[in-house]
Q: 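Please read through the structure below; I'll follow up with questions.
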Amino acid sequence: MKPIVRFAPSPTGFLHVGGARTAIFNWLIARKLHGKFLLRIEDTDRQRSTEESIRQILEGLNWLGLNWDDDIVFQSARNDRHKEVVEDLLANDHAYRCFCTPEELESKRLYAEQHKINKRYDGTCRKLSREQISEFLERKMPFSVRFKIEEQKTEFTDLIHGRHQTDLTDMDDFIIQRSDGTPVYQMAVVVDDHDMGVNLVLRGDDHLSNTPKQILLYKALGWSIPQFGHLPLILGKDKTRLSKRHGATSVQEFRNNGILPEALFNFLCLLGWNPGQEQEKMSREEIIDLFEVNRINHTPAVFDEQKLAWLNSRYMVEMPFDQLLFHAEKWCKDNQYSLRPDEEERFMFYLKIIQVRSKTLTDLYDFLKIYFDSPQIYDEKGVQKYFKKEGVSELLKKLRGTLSSLDDLHFDAIDKLDGLIRQFAAEHNLAAAKVIHPLRLALTGRTESPGIFELMHILHKDKVISRIDSAVDYINNL
RNA sequence: GGCGCGUUCGUCUAGUGGUUCAGGACGCUGGCCUCUCACGUCGGUAACACGGGUUCGAAUCCCGUACGCGCUACCA
C-alpha cells in the first residue's frame with residue numbers, strides 16, 4: 001500500500017528542527033514508496049496561531065526541499081465537518097453531552113488530588129437521563145461532548161516501538177468538543193487524517209500516550225485505523241527537550257547562520273535514523289533510497305551543533321563550483337559589489353581557495369568581503385604580535401617601495417611573488433615569516449588567511465599597495 | 001500520584017545470545033604537511049546506568065532499582 005502521510009504543524013512559531021525532522025521522515029517515506037506527503041496546518045488555537053508563523057513554516061519546508069502534495073488543509077476551515085462527526089458519535093451513543101462547568105471539574109480534580117484518589121472524571125453526566133438532558137438543553141445550558149469509553153484496553157503496533165497495550169480502565173471519558181462547539185485536538189486529528197486518507201501517522205513521541213484515544217475514535221466511527229510510528233524527541237545539550245535556551249532551534253536561524261539546507265537535512269536524518277552504512281554524508285536521493293522506518297531509533301537524541309557544523313563544512317568543501325559561484329554572485333549583488341572584467345579570473349581563483357576554509361556560507365561571505373574591502377579593523381592579537389614590533393612600519397614601507405616598482409605583470413605569477421618576498425626577507429636578514437605575518441595582517445586584517453602569495457596575486461598590485469599604506473598609517477598612529 | 005516511553009564512548013550511532021577485553025563518525029588530543037588558518041594524512045582518548053536472574057555463554061532475553069522524558073486539560 002502506498003503511504004499517505006502528513007505533516008501537521010500548529011502555526012504558533014517558527015519551524016522547529018524537531019518539527020522539521022518529523023516532516024523530513026514523513027517526506028522520505030512518501031517519496032521512497034511513491035505515496036503522498038500532505039500538509040495540514042493545525043490552526044484551531046486561534047489565540048496563538050498567526051499568519052506570519054504559517055509563512056515561516058512554509059518557507060522553512062521549501063528551503064529544506066520538502067515539497068508537499070495536494071492543497072494545504074487548514075484545520076480551522078473544517079469546523080463544520082468536525083461538528084458533524086461529533087453529532088454522529090452522539091447519535092450512536094459513543095459520546096454524550098457533559099453539562100459540568102470547567103469550574104466544577106476543576107474543584108473535583110483538586111479534591112481528588114488532595115485526597116489522593118483517582119482524579120479522573122467521575123462520569124456524572126454519563127448517567128444523565130433523557131429527560132434531564134432535554135431539560136438542560138432547553139435551559140440552554142452550555143455543554144461539552146465527551147467520548148464514552150467502553151472497552152477495557154486497546155492495542156496497536158507502533159512502527160518504532162513495537163506492540164503497545166493500554167489499560168483503559170483509568171482513562172477519562174475525554175472531551176471531544178468544547179462548549180463553544182469547536183473540536184478538541186484528539187477529535188480534529190482523527191477526522192482530518194481520515195478525510196485526507198492518511199494511512200500512516202509518523203509523529204513525535206509526545207503523542208504516543210494519546211494514540212489509544214484516537215484509536216478508540218477510529219473504532220467508534222467504523223473507520224480504518226492508520227499505522228502509527230512515534231519518533232523520539234530531540235534533546236538539547238543538557239538532555240532536556242530542545243528549546244530556545246539551547247541556542248538556535250528554528251530552521252530559519254540555521255539558514256541565517258550560513259548552514260546549507262542539504263546539510264541540515266542530512267544531519268537531521270542522522271538524528272535517530274541510521275542508514276545502515278558507515279558513510280554519513282548522503283545526497284537526498286541516497287537517503288530516500290536507504291531510508292527505512294525500522295532503522296529509526298527509539299532513543300531521544302541530543303542535537304549536536306558541532307557535528308552539524310562539521311557536516312556543513314563537508315557540504316561547503318564538496319560544493320560544485322557553479323553552485324559556489326552562484327552563492328558568491330548573489331552575495332555580491334545583494335551587497336552591491338561588482339567586478340571589473342580583468343578581475344574575474346583572479347576572483348574565481350580566490351573562490352577556489354577560500355572554499356576549503358569556509359565552514360558556512362557566512363564564512364564564505366566574510367572571505368569575499370576581504371577581497372572587496374580593505375580591513376576596517378585589525379585583529380587585536382595580531383596587532384600586539386606583529387604591528388607593535390620594532391621597525392615594522394619601516395619594513396612595510398620598504399616592502400611597499402619594492403612592490404610599487406614592480407610591473408603589474410609580476411603579480412600574475414605566484415611563484416615570482418614567493419621568490420620576491422623571500423628574497424626581500426633575506427636581504428633584511430629576516431626569516432620569511434617575519435615579513436609574511438605583518439603583511440597578512442595588513443592585507444586582510446586577520447592572522448589567518450589563504451596563502452599570502454596567492455593572496456597578493458588575487459588582490460593584485462593596486463590593492464596590495466593601498467592596503468600596505470593603510471596599515472602603515474594605522475601603525476604610525478598606534 | 002497513576003499510566004507510558006527510554007537508558008552502548010562527552011555527542012550521533014553499529015551491534016538483535018558466542019566470530020566484539022564492543023566497530024564507525026563528531027569532538028577532544030599527539031605527530032606530519034606549512035608563511036598563518038583550513039584541508040589532507042598517520043596515531044591516541046573514551047561506553048554496554050545499577051542490581052539480580054535465565055543460559056555452557058548476555059550489550060543483546062526476564063525482573064527490579066535509579067535517572068530522564070512524555071501523557072494524565074473544554075493545549076496542540
Side-chain angles (χ1 to χ4, degrees), chain A residues 8-10 12 42-45 47-49 75 98 100-102 105-106 109 112-113 116-120 142-146 158 160-161 164-172 174-186 188-189 204-213 230 232-233 235 237-241 267 270-281 297-311 313 317 353-359 363 382 418 421-422 425 431-437 439-441 444 446-453 455:
Chain A
S10 50
T12 53
E42 308 215 321
D43 54 352
T44 41
D45 188 336
Q47 253 85 60
R48 294 194 299 152
S49 300
Q75 194 160 64
C98 174
C100 302
T101 64
L105 294 171
E106 183 56 35
R109 239 198 313 275
E113 200 159 325
K116 301 241 160 113
I117 55 174
N118 200 326
K119 53 181 185 175
R120 75 195 181 101
F143 62 87
S144 60
V145 178
R146 300 187 101 105
D158 188 276
I160 292 159
H161 294 282
H164 192 273
Q165 283 195 4
T166 317
D167 181 11
L168 261 27
T169 47
D170 49 28
M171 186 181 284
D172 264 343
F174 54 94
I175 290 175
I176 53 179
Q177 188 177 84
R178 302 186 187 95
S179 41
D180 66 359
T182 58
V184 142
Y185 168 74
Q186 311 287 3
V189 222
D205 236 352
D206 45 343
H207 291 287
L208 186 59
S209 322
N210 282 326
T211 309
K213 292 180 188 170
H230 293 272
L233 298 160
L235 310 178
K237 251 194 149 27
D238 58 358
K239 302 232 181 194
T240 61
R241 199 177 177 151
F267 175 74
L270 257 16
L271 235 47
W273 171 73
N274 184 273
Q277 60 171 33
E278 288 193 343
Q279 183 196 333
E280 295 191 301
K281 179 174 181 273
N297 251 286
H298 36 230
T299 357
V302 173
F303 191 92
D304 184 359
E305 282 169 85
Q306 281 187 308
K307 189 151 183 175
L308 170 62
W310 167 78
L311 233 201
S313 75
V317 168
I353 66 173
I354 60 178
Q355 181 174 18
V356 72
R357 283 159 235 265
S358 302
K359 297 195 183 303
D363 289 345
D418 189 329
I421 294 294
R422 290 184 195 283
K434 294 284 179 198
V435 179
I436 289 170
H437 291 310
L439 180 58
R440 165 174 290 114
L441 191 61
T444 67
R446 300 202 206 172
T447 54
E448 13 66 51
S449 78
I452 195 76
F453 311 120
L455 223 44

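Chain A is the first sequence line, chain B the second, and so forth, proteins listed ahead of strands; every chain is numbered from 1.
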Q: So, is Arg178(A) near the phosphate of rA73(B), with a side-chain N or O under 4.0 Å from OP1 or OP2?
A: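 Checking Arg178(A) against rA73(B): no side-chain N or O falls below 4.0 Å of OP1 or OP2.
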
Q: Is the shortest side-chain N/O distance from Asn297(A) to OP1 or OP2 of rA14(B) below 4.0 Å?
A: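 So the side-chain polar atoms of Asn297(A) do come within 4.0 Å of the phosphate oxygens OP1 or OP2 of rA14(B), strictly under.
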
Q: Distance between the P atoms of rA46(B) and rU55(B), in whole angstroms?
A: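 Roughly 36 Å separates the two P atoms.
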
Q: Rounding to an integer number of angstrom, what distance separates rG24(B) and rC32(B) when you compare their C1' atoms?
A: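 Per the computed distance, 24 Å lies between those C1' atoms.
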
Q: Show your reasoning for whether side-chain hydrogen bond (donor to acceptor under 3.5 Å, both in side chains) applies to Asp205(A) and His161(A).
A: CA-CA 10 Å; Asp205(A) 236 352; His161(A) 294 282; 3.1 Å; yes

Q: Using a 4.0 Å heavy-atom cut-off to protein, can you give one letter per nucleotide of nucleotides 58-63 of chain B, 5' to 3': B if the base is in contact, S if only the sugar-phosphate is, - if neither?
A: ------

Q: For rA49(B) and rG4(B), measure between their P atoms and round to the nearest Å.
A: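 Looking at atom P only, rA49(B) and rG4(B) are 22 Å apart.
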
Q: Rounded to the nearest Å, what distance is computed from the CD atom of residue Gln165(A) to the P atom of nucleotide rC3(B)?
A: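 Rounded to whole Å, this separation is 15 Å.
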
Q: rA58(B) and rG18(B): how far apart are their P atoms, nearest whole angstrom?
A: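 My reading of the P atoms in rA58(B) and rG18(B) gives 11 Å.
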
Q: How is Arg241(A) classified with respect to the nucleic acid when contacts are heavy atoms under 4.0 Å: base, sugar-phosphate, or nothing?
A: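 Here Arg241(A) touches the backbone only, sparing every base.
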
Q: Return the value, rounded to whole Å, for the distance between atom CD1 of Ile421(A) and atom C1' of rC35(B).
A: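 Distance check: Ile421(A) CD1 to rC35(B) C1' gives 10 Å.
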
Q: In terms of side-chain heavy atoms of His207(A), which of rC74(B), rA76(B), rU13(B) is nearest?
A: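 When the side chain of His207(A) is considered, rA76(B) is the closest of rC74(B), rA76(B), rU13(B).
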
Q: Taking CG from Leu233(A) and C1' from rC71(B), how many angstroms apart are they, rounded to a whole number?
A: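 So the two atoms are 12 Å apart, to the nearest Å.
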
Q: Quote, to the nearest angstrom, the C1' distance that separates rU19(B) from rU54(B).
A: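 Looking at atom C1' only, rU19(B) and rU54(B) are 23 Å apart.
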
Q: Going by the rule salt bridge (Lys or Arg N to Asp or Glu O under 4.0 Å), which residues pair with Lys307(A) if we only count those two or more places apart in sequence or in a different chain?
A: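 Expected list: Glu280(A).
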
Q: Describe the nucleic acid contact of Gln177(A) in one word from base, sugar-phosphate, nothing, applying a heavy-atom distance below 4.0 Å.
A: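 The answer is nothing, as Gln177(A) stays clear of every strand by at least 4.0 Å.
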
Q: Are Thr211(A) and His230(A) close enough that a side-chain donor and a side-chain acceptor fall under 3.5 Å?
A: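 Thr211(A) vs His230(A): donor-acceptor pair found between side chains.
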
Q: Report, as a single string ordered 5' to 3', how protein heavy atoms within less than 4.0 Å touch nucleotides 36-49 of chain B: B base, S sugar-phosphate only, - not at all.
A: BBBSS---------

Q: Does Glu280(A) reach a base, just sugar-phosphate, or nothing at all? Heavy atoms under 4.0 Å.
A: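 Base contact.
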
Q: Please state the C1' separation for the pair rC12(B) and rC28(B) - nearest whole angstrom.
A: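 Result for the C1' pair: 16 Å, nearest Å.
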
Q: Any side-chain donor-acceptor pair under 3.5 Å between Thr182(A) and Arg178(A)?
A: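 The criterion, which ignores hydrogens and geometry beyond distance, is satisfied for Arg178(A) and Thr182(A).
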
Q: Of the nucleotides rC35(B), rU11(B), rG6(B), which one has an atom closest to the side chain of Asp304(A)?
A: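 Selected nucleotide (nearest to the side chain): rU11(B).
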
Q: Let's see if you can work this out: which of rC35(B), rC5(B), rC74(B) has an atom nearest to the side-chain heavy atoms of Asp205(A)?
A: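 That would be rC5(B).
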
Q: Would you measure the distance from the P atom in rC56(B) across to the matching atom in rC50(B) and give it in whole Å?
A: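 After rounding to an integer number of Å, I get 25 Å for this pair.
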
Q: Is there a side-chain polar atom (N or O) of His161(A) under 4.0 Å from OP1 or OP2 of rG6(B)?
A: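 Yes.
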
Q: Tell me which nucleotide, if any, is Watson-Crick or G-U wobble paired with rU55(B) when both distances must be under 3.5 Å.
A: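 Matched rU55(B) with nothing under the 3.5 Å cut-off.
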
Q: Work out how far the C1' atom of rC48(B) is from that of rG40(B), and round it to whole angstrom.
A: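 The same atom, C1', in both gives a distance of 34 Å.
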
Q: Any idea which of rU11(B), rG4(B), rU13(B) is nearest the Val302(A) side chain?
A: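 When the side chain of Val302(A) is considered, rU11(B) is the closest of rU11(B), rG4(B), rU13(B).
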
Q: Which one, rC5(B), rC35(B), rC26(B), comes nearest to the side chain of Gln306(A)?
A: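 Among the listed nucleotides, the one closest to the side chain of Gln306(A) is rC26(B).
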
